[in-house]
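Read the numbers this way: they start at 1 and go in the same order the structure lists the ligands and their atoms. Note that this is a predicted model, so its numbers are computed, not measured.
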Amino acid sequence: MILAQLTDMHIKDKGLLAYQKVDTSAALEAALAHLERQSCKIDVVLFTGDLVDSGRASEYARLRVHLEALNTPFFLMPGNHDDRTALRAAFPDHTYLGHEDEPVYYTIEQYPLRIIALDSLMPGRGEGQLGTLQLNWLAERLAEQPNRPTLVAVHHPPFPTFIGHMDRLGLTDSATFEDIITRHKQVERVISGHIHRPIFTRWAGGIASTAPSTAHQVALDLRADASSAFMLEPAGYQLHHFTRATGVTTHTALVGNWPGPFPFFDSEGRLIE
Ligand SMILES: [Fe+2]
């Protein structure tokens, strides 16, 4: 199966640019069109937070229109720019988003790879937190299917990225999260957004990763005092390919109308020099 991860779309109201520079709606349209052109079958899409930029009902209404063009089942998760109440109100048919006064956490059981989505949103803050209720729930869910390959998704990555200003907006209770993941070897991968860059590291005995944004990317500046800045580098998303025999293999797609594909071999099968 293939899970597409799209993240940090930061949809704004019509006519507004993110940080007065980024047309995030056009960027999402381009990313969705690119995804639809993939030659492989995409089974499910997971949007890992910062769905909209300011948590407004009007932004979620706009997001909903964008996603109506998607021909693949999809699931939504909040990030630090989101608002749970407005998200639920805009997607009442997405019943997995749950009820008022609770974080948005759920499992997706209908695919060979089990997916567990967590909610690290702290209203009004840039940092993330899972909280005791959700961490206990996660431990229970992992304990109930210990042999089922599982992917855990959370907007804030639980590991340091060494981009200083982003790490100061990190996941505040990652140590407890790490203890739980370390105890459950069926966890194939922990995936995140938030950093607007693709990053991989060993974490909790396995691999944790982040995906690029469909819109703007955080500047690659690995200093503790890196200034908070973004780049209009090519946007992207990730395809997480899973089989039971091979686990999760991740590819990063860069959105754009790139020249090609061009053949390596001519019609007689000779390598083109
Ligand atoms: Fe973001």
Side-chain angles (χ1 to χ4, degrees), residues 4-13 16-32 45-56 58-60 62-63 66-67 74-84 86-87 90 103-104 117-130 153-172 174 190-200 208-222 226-238 252-255:
Q5 181 191 1
L6 274 66
T7 197
D8 293 86
M9 298 94 78
H10 288 261
I11 295 303
K12 304 278 289 182
D13 283 333
L16 294 182
L17 302 177
Y19 313 105
Q20 300 182 3
K21 283 261 187 298
V22 195
D23 185 344
T24 54
S25 271
L28 177 58
E29 288 289 305
L32 292 174
V45 182
L46 185 62
F47 293 94
T48 52
D50 287 0
L51 308 173
V52 303
D53 198 46
S54 308
R56 291 195 195 106
S58 50
E59 294 174 335
Y60 287 107
R62 215 157 173 229
L63 173 67
H66 286 305
L67 298 186
F74 68 89
F75 292 83
L76 303 166
M77 293 168 48
N80 49 295
H81 282 256
D82 287 296
D83 179 281
R84 293 174 186 129
L87 168 62
V104 176
L118 302 173
D119 178 346
S120 53
L121 166 64
M122 299 169 77
R125 304 284 294 273
E127 308 95 315
Q129 190 172 68
L130 291 169
V154 56
H155 178 72
H156 292 75
F159 56 86
T161 66
F162 302 98
I163 300 174
H165 63 96
M166 293 307 293
D167 286 344
R168 286 189 284 283
L169 302 178
L171 190 67
T172 55
S174 59
V190 176
I191 65 168
S192 297
H194 191 51
I195 309 297
H196 296 225
R197 299 203 70 79
I199 306 169
F200 288 77
S209 60
T210 64
S213 167
T214 59
H216 48 291
Q217 313 305 312
V218 168
L220 177 54
D221 186 344
L222 303 183
S227 59
S228 179
F230 65 89
M231 302 285 290
L232 296 178
E233 295 173 13
Y237 58 88
Q238 288 180 331
T252 299
L254 298 179
V255 175

- Message: Using ring centroids (six-membered ring only for Trp), state whether Phe47 and Phe75 fall under 6.0 Å.
- Response: no
- Query: Closest to the Fe ion (ligand 1), which N/O/S atom of Asp50 is it?
  - Reply: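 Output for this pair reads OD2.
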- Item | Asp8 atom (N/O/S) at minimal separation from the Fe ion (ligand 1) | OD2
- Message: For His194, run the side-chain hydrogen bond (donor to acceptor under 3.5 Å, both in side chains) check against Asn80, Asp50, Asp8 and tell me which one passes.
- Response: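 The option that passes is Asn80.
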- Between Arg62 and Asp13, is there a side-chain N and carboxylate O pair less than 4.0 Å apart? no
- Arg168 atom CZ, neighbour heavy-atom count above 12 within 6.0 Å: yes
- Message: Between His81 and the Fe ion (ligand 1), is there a contact where an N/O/S atom of the residue lies under 2.8 Å from the metal?
- Response: no
- Query: Can you tell me if His196 has an N, O or S atom under 2.8 Å away from the Fe ion (ligand 1)?
  - Reply: yes
